[in-house]
Amino acid sequence: MYKLLALDLDGTLLNSYGEISEENKKWIKKAKENGIEIVLTSGRMASSVIGIAKEIETDNYIICRKWCNCI
């Protein structure tokens, strides 16, 4: 059984308009209902990933570039 699903954003989860399709939202919700942890992954800065994570209510974990250059 899968315990974690890591999803890349650009060109994978998001369409060419930068949106998540309703179909993808449906399957993400189903995965969460089955106890699978959803992790968003991106080369983007964290600040641009957080909004997407909140949209699909899966903002526990993200893998991305560091928050700012000061770290």
Side-chain angles (χ1 to χ4, degrees):
M1 174 173 185
Y2 295 102
K3 305 249 183 202
L4 182 140
L5 178 61
L7 299 169
D8 178 53
L9 295 183
D10 298 313
T12 305
L13 182 61
L14 303 178
N15 63 21
S16 59
Y17 300 105
E19 302 166 336
I20 304 171
S21 71
E22 291 303 316
E23 183 77 7
N24 281 343
K25 287 180 184 178
K26 177 183 88 171
W27 286 108
I28 289 168
K29 181 178 179 183
K30 188 171 186 84
K32 288 177 13 184
E33 289 171 353
N34 284 290
I36 298 171
E37 189 69 52
I38 306 298
V39 178
L40 297 182
T41 65
S42 180
R44 295 178 179 202
M45 297 293 285
S47 56
S48 68
V49 178
I50 291 170
I52 297 164
K54 288 181 187 270
E55 180 181 346
I56 58 174
E57 299 175 357
T58 183
D59 56 353
N60 291 336
Y61 304 100
I62 59 173
I63 299 171
C64 59
R65 293 181 62 195
K66 59 186 171 180
W67 187 266
C68 68
N69 291 331
C70 59
I71 298 175

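Each residue takes its place number in the sequence, starting with 1.
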Q | All side chain to side chain donor-acceptor pair (under 3.5 Å) counterparts of Glu19, not counting sequence neighbours | A | none
Q: Quick one: pull up CD1 in Ile20 and CD1 in Ile28 and give me the separation to the nearest 0.5 Å.
A: 5.5 Å
Q. OG of Ser21 to CG of Leu13: how many Å apart, nearest 0.5 Å?
A. 7.5 Å
**Q.** Partner set under salt bridge (Lys or Arg N to Asp or Glu O under 4.0 Å) for Lys26, not counting sequence neighbours
**A.** Glu23
Q: State which residues pass side chain to side chain donor-acceptor pair (under 3.5 Å) with Asp8; sequence neighbours excluded, sorted by chain then number.
A: Thr12
Q) With a 4.5 Å limit on heavy-atom distance, are the side chains of Leu14 and Asn24 in contact? A) no
**Q.** OG1-NZ distance between Thr58 and Lys25, expressed to the nearest 0.5 angstrom
**A.** 13.5 Å
Q.
Side-chain heavy atoms under 4.5 Å apart, restricted to Ile/Leu/Val/Met/Phe/Trp/Tyr: what other residues fall into the cluster of Val39, or is it alone?
A. Leu4, Tyr61, Ile63
Q.
Can you list everything that forms a side chain to side chain contact (heavy atoms under 4.5 Å, CB included) with Leu5? Sequence neighbours excluded, please.
A. Leu7, Ile36, Ile38
Q: Quick one: which residue pairs count as a side chain to side chain donor-acceptor pair (under 3.5 Å) with a foot in residues 29-43, not counting sequence neighbours?
A: Glu37-Asn60
**Q.** Inter-residue atom distance Leu40.CG - Cys64.SG, 0.5 Å rounding
**A.** 9.5 Å
